[in-house]
There are 2 protein chains.
Amino acid sequence: MTDREEAAREQVLDAARERVLDAAQELFYGRGVQAVGMDAVRSASGVSLKRLYQLFPSKDALVLEFLRQRDVRWRLRLADHVEAQPTPDERITAVFDWLHGWFSEPGYRGCAFINTFGEMGAVSSEVAAEAQHHKKAFHDYLARLVTAAGRPDALAGQLALLAEGAMVTAAISGTPEPARQARDAARLLMQAHPGTGQP
Amino acid sequence: MTDREEAAREQVLDAARERVLDAAQELFYGRGVQAVGMDAVRSASGVSLKRLYQLFPSKDALVLEFLRQRDVRWRLRLADHVEAQPTPDERITAVFDWLHGWFSEPGYRGCAFINTFGEMGAVSSEVAAEAQHHKKAFHDYLARLVTAAGRPDALAGQLALLAEGAMVTAAISGTPEPARQARDAARLLMQAHPGTGQP
DNA sequence: TTGCGTGGAGAACCAACGTTCTCTACGTTA
DNA sequence: TAACGTAGAGAACGTTGGTTCTCCACGCAA
């Protein structure tokens with residue numbers, strides 16, 4: 001196979017991979033992992049089963065890749081919104097405003113990591129590890145924002161709890177309101193953990 | 001069938017029902033609903049499949065009963081601990097101390113309602129309704145504690161978010177520490193929402 | 001043009017699982 | 001003791017779903 005052919009083939013594979021992962025995001029997030037068969041992924045992506053299994057050797061592998069991609073995309077979307085704020089304190093509260101926007105999206109069904117952990121965390125250590133990684137990365141991100149605002153580390157964990165609680169409560173109750181409550185609570189905790197406003 | 005016979009038969013059925021629900025609590029909570037087959041419930045409970053289906057017409061019915069029983073038991077256990085505290089403010093923080101004890105139990109796997117909602121909430125409206133009911137009852141209980149402490153209603157929702165966040169974070173991270181963080185945050189929020197200390 | 005490798009559609013295979021059925025053993029009653 | 005109903009053990013049934021296989025059409029090299 002020539003270099004040109006190889007490159008062309010790789011483009012085809014990449015495109016198929018993208019379609020499969022797009023379908024996985026939609027289906028696994030929307031209905032839950034166990035409620036979605038590989039056949040549904042096939043129909044939704046338009047990629048044949050043969051190719052699907054060439055790209056991902058098993059459903060488990062696809063699930064893990066779904067989680068890894070979601071982790072990256074979710075944190076990028078959050079950071080995009082947060083970094084647009086001018087001051088460190090505003091960047092902290094922006095987290096909760098972004099959550100409100102997310103909760104308001106049609107089809108919001110809670111945090112994929114919390115849901116998938118609840119579904120398979122007891123039975124799949126890989127899924128549990130992905131959830132841990134995602135939540136730790138989120139916590140560390142909050143910790144950086146808190147440090148940048150010159151506020152004590154203890155605040156970060158508390159903000160994380162508010163955010164996690166808001167995700168769960170918004171999902172179960174079906175309203176985006178918990179984001180507002182969490183933001184209000186976050187503001188009060190910031191007052192209680194005074195900082196310099198500067199790092 | 002005489003009255004005496006009927007009473008005896010009912011005792012047998014009640015005992016079987018209890019064994020089935022005990023097994024369901026252990027298995028569904030520990031491994032997730034979909035990961036547990038009716039055969040596993042049968043082995044764990046020692047109740048024959050025939051009886052099992054006499055007591056619960058389907059797995060779905062058993063799952064719903066599992067959730068309903070858990071709701072009652074969980075809230076009773078919480079209230080038992082909370083009501084033992086002398087002052088309204090102490091009753092509020094006792095919620096988080098009780099959470100710490102719960103998170104520290106071997107086999108803690110998060111909140112069954114959050115987990116089951118993540119697993120089946122998108123596909124079973126009954127499961128979603130049970131989760132909503134349980135979470136609303138918990139929120140209302142917090143609201144009563146907050147009112148009893150003469151503090152503003154807004155505090156209750158914020159405390160609920162901390163508690164939900166702590167359940168999720170403790171489950172995924174595998175440590176009971178989030179309960180402590182949540183309690184510290186709750187204390188700060190109580191200072192920020194001053195009350196009379198009396199209703 | 002003819003053979004060959006590649007890829008897609010979907011059938012096929014196999015295991016798991018919810019649910020029902022059969023068969024057998026036992027205890028009770030005339 | 002003999003007939004009967006009940007209950008349990010586990011086989012059986014039907015469906016679903018993950019994974020693999022078969023068959024066919026198409027495009028490219030000699």
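In the text below, chain A, chain B and the rest are named by the order of the sequence lines, each starting its count at 1. Values in this document were obtained by computation on a predicted structure and should not be read as measured data.
The side chain of B:Y53 has C:dG18 as its nearest neighbour among C:dA9, D:dA9, C:dG18. Candidate nucleotides C:dT19, D:dG8, C:dA11 were compared by shortest atom distance to the side chain of B:L49, and C:dT19 ranks first. For A:S48, the listed nucleotide lying nearest its side chain is C:dA9; candidates were D:dG10, C:dA9, D:dT19.
Between the P atom of C:dG18 and the CE atom of B:M120 lies a distance of 11 Å, rounded to the nearest Å. The distance between atom CZ of A:R51 and atom P of C:dG8, rounded to the nearest whole Å, is 4 Å. The CZ-P distance, from B:R42 to D:dG8, rounds to 11 Å in whole Å. The distance between atom NZ of B:K59 and atom C1' of D:dT16, rounded to the nearest whole Å, is 13 Å. A:Q54 has its CD atom 13 Å from the C1' atom of C:dG5, to the nearest Å. If you take CG of A:L52 and C1' of D:dT20, they are 13 Å apart, rounded to a whole angstrom.
Partner A:H134 forms a ring-ring contact (aromatic ring centres under 6.0 Å, His included) with one of A:F117, A:Y141, A:W74 and no other, that one being A:W74. For the ring-ring contact (aromatic ring centres under 6.0 Å, His included) criterion with A:F103, the lone passing option out of A:W98, A:F96, A:Y108 is A:Y108.
Taken to the nearest 0.5 Å, the OG1 atom of B:T169 stands 14.0 Å off from the NZ atom of A:K136.
Taking 4.0 Å as the cut-off between side-chain N and carboxylate O, A:R31 and A:E26 do not count as a salt-bridged pair. Note on A:R144 versus A:D140: no salt bridge recorded, every NZ/NE/NH1/NH2 to OD/OE distance being 4.0 Å or above. Using a 4.0 Å cut-off between charged nitrogen and carboxylate oxygen, A:D22 and A:R73 count as a salt-bridge pair. Salt bridge absent: B:E177 and B:R180 never bring a charged side-chain N and a carboxylate O closer than 4.0 Å.
Residue contacts for B:K50: at a heavy-atom cut-off of 4.0 Å it reaches a base atom on one of the strands shown.
Remark: A:R109 fails to qualify as a cation-pi partner of A:Y29 under the 6.0 Å distance and 45° angle criteria applied to the six-membered ring.
Fit an axis to the five pairs at each end of the helix from C:dT1-D:dA30 to C:dA30-D:dT1 and the two axes sit 30° apart, to the nearest 10 degrees.
With no hydrogens or angles considered, no side-chain donor-acceptor pair links B:T93 and B:E90 at under 3.5 Å.
Taken residue by residue, residues 23-39 of chain A places heavy atoms nearer than 4.0 Å to DNA chain D at A:V36, A:G37, A:M38.
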